[in-house]
Novice: 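Structure incoming, see below.
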Amino acid sequence: MGVAEDDDEYYCGEQKGVLLKRMAANIISCFPYPTRPASPQFAAPPPPPSPPKPSPESCEHRAFCNAFGKLVQVSVETMAITALPMDVWLKERLKKWVQLSGHEGSIVPATPHTLYKKQCANCGEGRAYKNISKDVALNGFTPKYYNELKKNEEHFIEIEDLLQQFADPTKTAIMDIKVGTRTFLESEVSNTKKRTDLYDKMVAIDNDEPTEEERKCGAITKLRYMQFRERESSTAQLGFRIEAAKRLEGSLEKNFKKVRTVEDVATTFIDFFGDQRSRVRRQLIERLKDMRKAVEHSSFFASHEVVGSSILIVYDTEKVGCWMIDFAKSSQVPAGRSLNHRTTWVPGNNEDGYLIGIDNLLKILEDLPEYGQHPDDQLMVTEEVIARMRKT
């Protein structure tokens, strides 16, 4: 089932919208509620007795359909871009889909091993990935880039799905870490106009932050607000901040606003790695050292301000992976200028602190104790223990 390019010319306006909605509804009807992991066998065993499904009128069921339907709708629309068949692989991947960060539905499956990522207006991420793919130093440290597509005035890039490098992507732990001492481009804060709305936002977060002059004025510039916001997280101090994480057992966490200090980050890592800490920590350190060396020798990084990029950490019980992702806010610096990504940023020098973040991330990981040497380790309950408890 799919929509070919010729069909797209035939169906237009309201007819096309109705067609896509029907396709999305048909896919949703293929899924049980709540969704269950796919069986490793092609023929699934009879399901055990389970509580009755929530009625279609229940709030829980409506919430499920709304959220899942939105993801399916985006996937169906992006499938129309290349007329790929609506095959079993898409149904299976949507069952297990997890998007840690970014706008909901902005990243969807494209093929069994690639993703479509929606691009905002004037976004140069496709151009950045093209340049990265030509940089030998960065080979293997970012997702592979395949294509840039346009459909109905919307832009997409097709990139590698890194989770497909793991035996079972649903049984992985994932962490998204935003890297750099600032998360805004210089062009975003060039306007020196003072704004009352930004002053109100700052006061709402910390009433003691405004200076006496700012209180009299009741307004601040965007630069002032952005720098204040960066200090509220670990970004300004450490050069990175934890954005979101999915634990090995599947729970999702997106609230890391209070993780600001070295001690906070270390505690978060200890919890995230669990009883896999020694193995994961050792492999991550090795990988990050190689990544740091690659950035230091990269022609792309030497000539680009890289803001809002993340390091993606993924591990399961066998493998550990770590890549640089998200280059939507990468911009080339003026000719003749070379960045080292460690110099303190001042307006006009384009430095972003990317390597400051990697340096501090490495230092924290190197200082983490081996598993079994931390007081909290004895409180950790492994999955095997949980499984045994459930059987008794």
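Just so you know, residue 1 is the first one in the sequence shown, and it goes up from there.
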Novice: Quick one: does R231's side chain have a donor or acceptor within less than 3.5 Å of a partner on A236's backbone?
Specialist: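 No, the answer is negative, given that no donor and acceptor are paired below the 3.5 Å cut-off.
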Novice: May I ask you to say whether K117 pairs ionically with E158, meaning some side-chain N is under 4.0 Å from a carboxylate O?
Specialist: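 Looking at E158 together with K117, the answer is no, because their closest N to O distance does not fall below 4.0 Å.
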Novice: Step through the shown structure and confirm whether more than 12 heavy atoms of other residues, nucleotides or ligands are within 6.0 Å of NZ on K319.
Specialist: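 For K319, atom NZ is crowded (more than 12 foreign heavy atoms under 6.0 Å).
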Novice: To the nearest 0.5 Å, what is the distance between CD (Q119) and CG (L149)?
Specialist: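 One gets 10.0 Å once the value is rounded to the nearest 0.5 Å.
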Novice: Would you check if the side chain of S330 reaches a backbone N or O of V306 as a donor-acceptor pair within less than 3.5 Å?
Specialist: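 No, S330 side chain to V306 backbone: no donor-acceptor pair under 3.5 Å.
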Novice: Using 0.5 Å steps for rounding, measure from the OG1 atom of T268 to the CZ atom of F256.
Specialist: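 Reported value, rounded in 0.5 Å steps: 6.0 Å.
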Novice: Quick one: pull up CD in E305 and CZ in R182 and give me the separation to the nearest 0.5 Å.
Specialist: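 Between atom CD of E305 and atom CZ of R182 there are 4.0 Å.
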Novice: Flag yes if more than 12 heavy atoms outside R260 fall under 6.0 Å of its CZ atom; otherwise flag no.
Specialist: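 For R260, atom CZ is crowded (more than 12 foreign heavy atoms under 6.0 Å).
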Novice: For residues V295 and W345: do they belong to one hydrophobic cluster (side chain heavy atoms under 4.5 Å, members Ile, Leu, Val, Met, Phe, Trp, Tyr)?
Specialist: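 No, no single cluster joins them.
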Novice: For a quick test of reading the model, state the closest non-hydrogen atom pair linking W323 to G140 and the distance between them.
Specialist: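 Looking at all heavy atoms of both residues, the shortest contact is CD1-O, 3.4 Å.
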Novice: Set out, in order, the CA-CA distance, both residues' side-chain angles and the distance that settles side-chain hydrogen bond (donor to acceptor under 3.5 Å, both in side chains) for T261 and D264, then state yes or no.
Specialist: CA-CA 5 Å; T261 66; D264 294 337; 3.1 Å; yes
Novice: Identify the heavy atoms of H341 and A302 that sit nearest to each other, and give their distance.
Specialist: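 Of all heavy-atom pairs spanning H341 and A302, the closest is NE2-N, 4.3 Å.
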Novice: Let me confirm one number: the CG-CE distance from L362 to M291, rounded to the nearest 0.5 Å.
Specialist: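 With rounding to 0.5 Å, CG (L362) is 9.5 Å from CE (M291).
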Novice: Check the pair D316, T172 against side-chain hydrogen bond (donor to acceptor under 3.5 Å, both in side chains), reporting the backbone distance first and the verdict last.
Specialist: CA-CA 5 Å; D316 59 13; T172 55; over 6 Å; no
Novice: Using 4.0 Å as the upper bound for N to carboxylate O, is an ion pair formed by K363 and D359?
Specialist: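 Answer for the salt bridge query: no.
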Novice: If you apply the rule side chain to side chain contact (heavy atoms under 4.5 Å, CB included), what do you find for Y354 with H304, and how did you get there?
Specialist: CA-CA 11 Å; Y354 205 96; H304 284 77; over 6 Å; no
Novice: To the nearest 0.5 Å, tell me how far L163 CG sits from L115 CG.
Specialist: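 It is 8.0 Å, given to the nearest 0.5 Å.
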Novice: So F327 and F300, would you call those rings parallel, tilted or perpendicular, with 30° and 60° as cut-offs?
Specialist: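 Rings of F327 and F300: perpendicular, over 60°.
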Novice: Between E214 and R224, is the closest basic N to carboxylate O distance under 4.0 Å?
Specialist: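 Yes, R224 and E214 are salt-bridged.
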Novice: Between R215 and E209, is the salt bridge (Lys or Arg N to Asp or Glu O under 4.0 Å) condition met? List the steps.
Specialist: CA-CA 10 Å; R215 289 189 187 279; E209 175 65 21; over 6 Å; no
Novice: So that I can tick it off, tell me whether E286 and R282 are bridged by a salt bridge, with the cut-off set at under 4.0 angstrom between side-chain N and carboxylate O.
Specialist: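 Salt bridge flag = no for E286 with R282.
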Novice: Under 6.0 Å between ring centres, would you say that holds for Y315 and F272?
Specialist: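 Between Y315 and F272, the centre distance is under 6.0 Å.
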Novice: Do side-chain atoms of D352 reach the backbone of V307 as a donor and acceptor pair under 3.5 angstrom?
Specialist: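 Between the backbone of V307 and the side chain of D352 there is no qualifying donor-acceptor contact (under 3.5 Å).
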Novice: Under a single-linkage definition using a 4.5 Å side-chain heavy-atom cutoff for Ile, Leu, Val, Met, Phe, Trp and Tyr, are L185 and M226 assigned to the same hydrophobic cluster?
Specialist: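 L185 does not cluster with M226.
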Novice: If you measure from the Lys or Arg side-chain nitrogens to the Asp or Glu carboxylate oxygens, is any gap between E249 and K171 under 4.0 Å?
Specialist: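 No, this pair does not count.
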Novice: With the threshold set at 4.0 Å, does a side-chain nitrogen-carboxylate oxygen contact exist between E370 and R277?
Specialist: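 Looking at R277 together with E370, the answer is no, because their closest N to O distance does not fall below 4.0 Å.
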Novice: Any Lys/Arg nitrogen of K254 or E243 sitting under 4.0 Å from an Asp/Glu carboxylate oxygen of the other?
Specialist: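 Between E243 and K254 there is no salt bridge, as every charged N stays at least 4.0 Å from the carboxylate O atoms.
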Novice: Pair R241, E230 - check salt bridge (Lys or Arg N to Asp or Glu O under 4.0 Å), show working.
Specialist: CA-CA 9 Å; R241 71 168 181 247; E230 306 292 38; 3.4 Å; yes
Novice: When rounded to the nearest 0.5 angstrom, what is the spacing between CD1 in I159 and OG1 in T142?
Specialist: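 Separation between the atoms: 9.0 Å.
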Novice: Could you work out the complete set of other residues in the hydrophobic cluster of L339, with links drawn between I, L, V, M, F, W and Y side chains under 4.5 Å apart?
Specialist: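 Hydrophobic cluster check, L339: joined to V333.
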Novice: For D176 and S310, what are the C-alpha separation, side-chain angles and deciding distance, and is it a side-chain hydrogen bond (donor to acceptor under 3.5 Å, both in side chains)?
Specialist: CA-CA 6 Å; D176 183 315; S310 290; 2.8 Å; yes
Novice: Without swapping roles, check the side chain of E186 against the backbone of G348 for a donor-acceptor pair under 3.5 Å.
Specialist: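 Checking the backbone N and O of G348 against the side chain of E186, a donor-acceptor pair under 3.5 Å is found.
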